[in-house]
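This report concerns only the one structure given below.
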Amino acid sequence: MGLFTKFFSGLKKTQSKLSTEIRRIVTRSPKLTEDDIEQLEAALLASDMGFAVTERVVDAVRRTYESSGGEAGNVLEVAQAEVESCLCSGTSRLAKRDGLTVVSLVGVNGAGKTTTAAKLAHRVKAGGGKPILAACDTFRAAAIEQLNLWGERLDIPVVSSNYGADPASIAHDAASSALGRGNDYLFIDTAGRLHTKHNLMRELKKLHRVIGDRIAGAPHETLLVIDASIGMNALNQAREFNKSVPLSGLVITKLDGTSKGGMVVSIQHELDLPVKFIGLGEQPDDLQAFSPAEYARALFFEE
């Protein structure tokens, strides 16, 4: 399955609703009325595109539509181009340094951090690398078991301990193990925590401090994992996590199950944090490197 095919398949719910609404609105007359504009804004906001991006897209669509005499196809192309221009152009590649690169996965409960850590390790291994996983979510016994099961399934080593163990100690042990084994990537699955729980955010800072004392500059990537179905609520999560532990990028999961795919655009546009990967399914290969051009096209057009 090609990259655009995966993007289209994963964003089908968003694309179907968005393009259908736009075509319905803009094919009624050669000039857009105020009511048309309001409906167009509503359609874009319903996909969680955000106010700033919605305003840019609507302005561009209105100019193009009225100057072209009402060509709906052109309108979709203009919307696609405007959305693409709002997306960060930063690389979707993971950071890579000589020796061991440490990647910390952070976020709230249920966002998909454990699965994402395993899928990122799978990508590294498929590319010829030597990844290792650290089960630092010790608040949930199920998380430890889940990551160990992923490790067995993908044949990737996992460093773990018992439920309730100190996450920072596990991270330290995992770093020592990775250095001893000659691994080139260590993926740390941290516990889910609400960004409003300051004691838990302090614990996350401690984990990062300990891993930084063991390996210079670590973590070299701190990726916030966000569940796409929460839409614009993700903005507050990203803002607050970024205050506590500076983020290097975002991973958006569960995009295949929501019609709010526009939230990726609004978050990138407002926070200027690159989306590095998006989750478009449950299989190991369904975590895709983010492509602004393919993403923007998949929001408005069928394959």
Side-chain angles (χ1 to χ4, degrees), residues 100-125 130-181 183 185-215 218-227 229-230 234 237 240-241 244-245 247 250-251 253-254 277 279 282-284 286-287:
L100 180 63
T101 301
V102 180
V103 181
S104 177
L105 285 305
V106 304
V108 303
N109 292 310
K113 293 181 302 300
T114 303
T115 300
T116 297
K119 289 180 178 180
L120 285 172
H122 172 70
R123 285 181 64 90
V124 166
K125 184 177 179 182
K130 292 181 61 180
I132 187 170
L133 292 158
C136 293
D137 181 357
T138 59
F139 290 100
R140 290 192 309 123
I144 301 170
E145 181 182 358
Q146 183 185 8
L147 197 63
N148 277 304
L149 287 172
W150 270 111
E152 291 176 13
R153 177 183 175 187
L154 301 174
D155 193 25
I156 294 171
V158 179
V159 176
S160 63
S161 187
N162 298 322
Y163 170 72
D166 178 28
S169 296
I170 298 169
H172 184 277
D173 291 346
S176 298
S177 179
L179 291 170
R181 292 168 176 261
N183 294 104
Y185 274 98
L186 166 61
F187 293 97
I188 300 176
D189 177 30
T190 69
R193 64 201 77 216
L194 290 172
H195 52 278
T196 53
K197 299 295 184 182
H198 300 296
N199 59 323
L200 295 179
M201 296 306 287
R202 283 196 298 271
E203 182 195 70
L204 181 58
K205 290 181 184 179
K206 174 189 172 184
L207 188 155
H208 283 190
R209 186 171 62 251
V210 167
I211 200 74
D213 289 342
R214 185 68 180 85
I215 300 171
H220 309 103
E221 287 266 29
T222 300
L223 301 178
L224 177 65
V225 182
I226 294 175
D227 179 347
S229 66
I230 70 171
Q237 288 182 19
E240 295 304 317
F241 268 93
S244 296
V245 286
L247 303 172
L250 308 171
V251 180
T253 63
K254 308 177 188 179
F277 299 93
E282 297 180 358
Q283 297 305 310
D286 289 334
L287 187 72

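Please read these numbers as outputs of a predicted model, since none were measured by experiment. Scope of the values below: all heavy atoms of this structure, side chains included, with no hydrogens, waters or symmetry mates.
For the pairing with T114, the side chain to side chain contact (heavy atoms under 4.5 Å, CB included) check across L149, L147, V225 returns one residue only, L147.
At a threshold of 4.0 Å, the pair D166-K206 counts as salt-bridged, since one of the basic side-chain nitrogens sits closer than that to a carboxylate oxygen.
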task: Evaluate the side chain to side chain contact (heavy atoms under 4.5 Å, CB included) criterion for residues L133 and D189: first the C-alpha distance (whole Å), next the side-chain angles of each, then the deciding distance (0.1 Å), finally the verdict.
output: CA-CA 8 Å; L133 292 158; D189 177 30; over 6 Å; no

message: Quick one, S177 with I132, criterion side chain to side chain contact (heavy atoms under 4.5 Å, CB included). Give me CA distance, side-chain angles, the key distance, then yes/no.
response: CA-CA 9 Å; S177 179; I132 187 170; 3.8 Å; yes

- request: Could you walk me through whether T115 and W150 pass side chain to side chain contact (heavy atoms under 4.5 Å, CB included), step by step?
  value: CA-CA 8 Å; T115 300; W150 270 111; 3.7 Å; yes

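Here OG of S176 is found 7.5 Å from CD1 of I215. Values are rounded to the nearest 0.5 Å. Taking CG of D137 as the reference point, atom CD1 of I170 lies at 9.5 Å (rounded to 0.5 Å). To the nearest 0.5 Å, atoms OG1 (T190) and CG (L223) are separated by 10.5 Å. Here the straight-line distance linking atom OG of S244 with atom NE2 of H208 works out to 10.5 Å at 0.5 Å rounding.
Applying the side chain to side chain donor-acceptor pair (under 3.5 Å) test to D213 and every residue at least two apart in sequence or in another chain returns nothing. Residues passing the side chain to side chain donor-acceptor pair (under 3.5 Å) test with E221 are S248, K276, sequence neighbours excluded. Evaluation of the side chain to side chain donor-acceptor pair (under 3.5 Å) rule for T101 yields no partner, not counting sequence neighbours.
T138 contributes no side-chain N or O that, together with a main-chain N or O of Y163, makes up a donor-acceptor pair within less than 3.5 Å.
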